[in-house]
> 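Below are the structure tokens for one structure; questions will follow.
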Amino acid sequence: MRSSWADLAANSAAENAASGSFANNGGAGTASAPTRAAYVPPHLRNRPTSSDPPAPVNSVPSGNDGAGYGGSRWGGPKYDYNRSGYGGGGRGGGWGSRSGGWDRGREREVNPFGDNDDTEQAPNEQDNTGINFDAYEDIPVETSGDNVPPPVNTFAEIDLGEALNQNIRRCKYVKPTPVQRHAIPISLAGRDLMACAQTGSGKTAAFCFPIISGIMKGEGAQRPPRGARTVYPFALILSPTRELSIQIHEEARKFSYQTGVRVVVAYGGAPINQQLRDLERGVDILVATPGRLVDLLERARVSLQMIRYLALDEADRMLDMGFEPQIRKIVEQMDMPPQGVRQTMLFSATFPKEIQRLASDFLSHYVFLAVGRVGSSTDLIVQRVEFVLESDKRSHLMDLLHAQRANGAQGKQALTLVFVETKKGADSLENWLYMNGFPATTIHGDRTQQEREQALRSFKSGNTPILVATDVAARGLDIPHVAHVVNFDIPNDIDDYVHRIGRTGRAGKTGLATAFFNENNVSLAKALADLMQESNQEVPAWLSRYAARSSYGGRNRRSGGGRFGGRDFRRDSSFNRGGSDYYGGGGGSSTGGYGASGGYSGGYGPGVTSAWD
DNA sequence: AAAAAAT
């Protein structure tokens, strides 16, 4: 399914000749003309010629450059989610047919679908019609917050705009996944959001659609200040690894094809010059890793003044010890509009309570949404734990690989992703596998960016069906056809385990996860046993014994009930009591506790436990 | 203790 996208995009780049109708918008004549001449906000781009009704530009104090937002968010009261027409009702007027590419486009927008614009092409066998929606039935959903917008059941119910709808069809998304059903209306209503949902369940689309749609509508779009070579994106999407940023960029490009919305990616390890050129051609949505973004900000090549949407993917990772200072710098110490002015969306499959607490610094009056894990907590992923001494790990792995090779599906060996703890360990295991005749490659932070991307490509294509990885590959990467995840070294954090095994069993498909457990892992025994139990997995008796023996969950949080990475910490009394807390203070502007007022839908009310506790 | 992320 998705794997083909990237390849198709690459292949089509060359042969992408005369399909679009958008060759000559702005002054197409002089190829070398400066590209910055006239700024045209996204919602005014691609106007065919005339009679397109004007996009609804809401009342926003314009004029004064700089932080030109009024008091509240651009475009009207935040809680007036009727204006977005999410709930059936108002197909908010008139931005009908958009065609064509970019106003600045002397270049042609590469068709990321590689399908010659033929929306009605025959369904591609390995495209994504294979989503097993039955696997998403009866998934527990928890929302909390004031006035939570109700979910939708179809894309048609939402006024995303024709161009975006067409891309949804091109992606062969038939109906929204659970996280999309809930998150999109919340986001379209302008609300901040903290969402727990397994990657592979359509998280990226859940935050991309509202962003793209919002930028197209162009509410409050204003002319950015004319800084030398500074660009002013409307949306910023941050992710913890370069490869994940690349992947998000690829997806976002598909969703925004021919919408006039431009998506650019920036990450380290790659030459910055190409990225600077991409930025100069215009950027509405910037996808980035933190380090490179800080670099761009310090060079004043990017300004965050115009940011209306901030999305953190793998948000708990972004806010943990390693990343938090950088994120704070970007979000709080540069020129980004404050929370309450911008719209902030945090997504992850796991959300430890301490991190939720941290995250509330970035949010305003947010909705908490938890959608039960699609793969890792259900029967979709069969989890096995085997007791394997360090000295036996390699030969044991070889046994597994032999067995799997024998079972090879469709003539090809199924993909196996092997996680190890260290970069050295990755190299050494890869080398050993290679010496023993197994086609393996490796991805970790000591490899060059080229090598990393090459390894991932080679793995995805099946060329090298074994990938040895550190945690760089643990989160978010969508690699179809991973049949088996091996935790050669068990991670020290149960959340990492959850993310790792989530590389299989995606989009409702089944998968297998095997972990090599030994005396070095006792600290994780309890958390692991608990997780497996919750996921209806068979817990070996010996593991239960380790679990009982281990001193209460090791240093791992996630204690107390309510797993599934999903429960609003605002409901946890232990976080609410005790003084100057988040919750108690009365009128903390960024709080707005979930149960404060009546008339909220979809929640349970204060003190009431949710369905899955 | 390790991994990731800017040069």
Side-chain angles (χ1 to χ4, degrees), chain A residues 199 236-249 264-276 278-279 286-302 304 312-331 333-334 348 350 352 355 390 417-430 442-453 455-456 467-477 487-500 503 516 518-524 554-556:
Chain A
T199 32
L236 175 62
I237 301 173
L238 293 174
S239 96
T241 66
R242 297 162 182 173
E243 287 75 17
L244 185 51
S245 280
I246 293 169
Q247 175 182 301
I248 294 167
H249 172 245
V264 173
V265 66
Y267 54 90
I272 201 171
N273 283 333
Q274 180 58 45
Q275 292 172 10
L276 289 174
D278 289 344
L279 288 168
L286 177 58
V287 184
T289 48
R292 178 54 61 88
L293 176 62
V294 168
D295 189 5
L296 292 167
L297 291 169
E298 285 172 349
R299 297 181 190 215
R301 298 301 294 260
V302 172
L304 302 178
L312 301 192
D313 202 2
E314 309 297 343
D316 58 333
R317 181 77 183 77
M318 303 301 281
L319 295 173
D320 80 7
M321 287 200 322
F323 271 119
E324 193 207 339
Q326 270 181 305
I327 300 302
R328 279 200 189 275
K329 176 168 188 174
I330 292 166
V331 177
Q333 286 155 38
M334 305 305 286
S348 182
T350 53
I355 306 274
E390 289 297 327
L417 182 49
V418 182
F419 282 105
V420 298
E421 202 55 27
T422 66
K423 295 177 280 198
K424 277 186 150 179
D427 278 336
S428 127
L429 181 57
E430 180 224 13
T442 182
I443 184 168
H444 60 69
D446 274 354
R447 305 201 78 192
T448 67
Q449 191 53 30
Q450 267 197 327
E451 290 170 330
R452 286 166 57 160
E453 290 175 36
L456 199 52
L467 180 64
V468 182
T470 61
D471 271 329
V472 70
R475 284 174 175 259
L477 296 185
N487 275 296
F488 189 89
D489 300 320
I490 289 182
N492 296 312
D493 185 325
I494 190 66
D495 287 342
D496 291 337
Y497 174 86
V498 168
H499 285 275
R500 286 180 177 187
R503 297 316 98 211
F516 294 175
N518 62 37
E519 297 280 354
N520 296 329
N521 310 116
V522 285
S523 67
L524 205 75
R555 44 148 113 243
N556 280 289

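Just so we're clear, the structure is a prediction, and the values are computed from it rather than from any experiment. Lettering follows sequence order; numbering is per chain, from 1.
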> Whether the side chain of Glu243(A) engages the backbone of Leu456(A) through a donor-acceptor N/O pair (distance < 3.5 Å, no angle test) should be reported.
no
> Taking CG from Leu312(A) and C1' from dA4(B), how many angstroms apart are they, rounded to a whole number?
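Answer to the nearest Å: 16 Å.
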> Judged by modelled atom types alone, do His444(A) and Asp427(A) share a side-chain donor-acceptor pair under 3.5 Å?
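There is such a pair (donor and acceptor under 3.5 Å, judged by atom type) between the side chains of His444(A) and Asp427(A).
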> For the pair made of CG in Asn520(A) and C1' in dA2(B), what is the distance, rounded to whole Å?
14 Å
> Ignoring backbone atoms, establish whether Lys423(A) has a side-chain N or O less than 4.0 Å from OP1 or OP2 of dA4(B).
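So the side chain of Lys423(A) is within the cut-off, an N or O lying under 4.0 Å from OP1 or OP2 of dA4(B).
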> For dA5(B) and Thr241(A) - does any side-chain N or O of the residue sit under 4.0 Å from the phosphate oxygens OP1/OP2?
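So the side chain of Thr241(A) is outside the cut-off, no N or O lying under 4.0 Å from OP1 or OP2 of dA5(B).
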> Starting at CE of Met318(A) and ending at C1' of dA4(B), how long is that distance when rounded to a whole Å?
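Between C1' of dA4(B) and CE of Met318(A): 10 Å.
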> Counting N and O atoms only, with roles assigned by atom type, does the side chain of Ser239(A) sit under 3.5 Å from a partner on the main chain of Ser245(A), one being a donor and the other an acceptor?
yes
> In whole angstrom, give the distance that lies between atom CD of Glu421(A) and atom P of dA3(B).
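One finds 7 Å between P of dA3(B) and CD of Glu421(A), rounded.
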> Between C1' on dA2(B) and CE on Met321(A), what's the gap in Å once rounded to a whole number?
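Spelled out: CE on Met321(A) to C1' on dA2(B) is 11 Å.
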> Which part of the nucleic acid does Gly445(A) contact within heavy-atom distance under 4.0 Å: base, sugar-phosphate only, or nothing?
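Sugar-phosphate, backbone atoms only, no base.
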> Can you check the Ile443(A) CD1 to dA4(B) C1' distance for me, whole Å?
12 Å
> Send over the distance from Arg500(A) CZ to dA4(B) P, rounded to a whole Å.
11 Å
> Does Thr289(A) make a side-chain N or O approach to OP1 or OP2 of dA6(B) shorter than 4.0 Å?
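It does, given that an N or O in the side chain of Thr289(A) lies less than 4.0 Å from OP1 or OP2 of dA6(B).
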> In terms of heavy-atom contacts, does CD of Gln333(A) have more than 12 from other residues, nucleotides or ligands at under 6.0 Å?
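Yes, CD of Gln333(A) has more than 12 neighbouring heavy atoms, counting only those of other groups under 6.0 Å.
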> Taking only the side-chain heavy atoms of Arg292(A) (C-beta and beyond), determine which of dA5(B), dA3(B), dA6(B) contains the nearest atom.
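Output: dA6(B).
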> With a 4.0 Å limit, can you tell me whether Arg475(A) has a side-chain N or O closer than that to the phosphate oxygens OP1/OP2 of dA4(B)?
no
> Base, sugar-phosphate or nothing for Arg452(A)? Non-hydrogen atoms, less than 4.0 Å.
sugar-phosphate
> Is there a donor-acceptor contact under 3.5 Å from the side chain of Arg301(A) to the main chain of Leu297(A)?
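No, because the side chain of Arg301(A) does not come within donor-acceptor range (under 3.5 Å) of the backbone of Leu297(A).
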> Any base atoms under 4.0 Å from Asp295(A), or only sugar-phosphate, or nothing? Heavy atoms, all strands.
base
> For Arg317(A), which contact category applies under a 4.0 Å heavy-atom criterion: base, sugar-phosphate, or nothing?
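The residue Arg317(A) makes base contact.
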> Whole angstroms only, please: what is the CG-P distance between Asn273(A) and dT7(B)?
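Rounding to the nearest Å, CG of Asn273(A) and P of dT7(B) are 12 Å apart.
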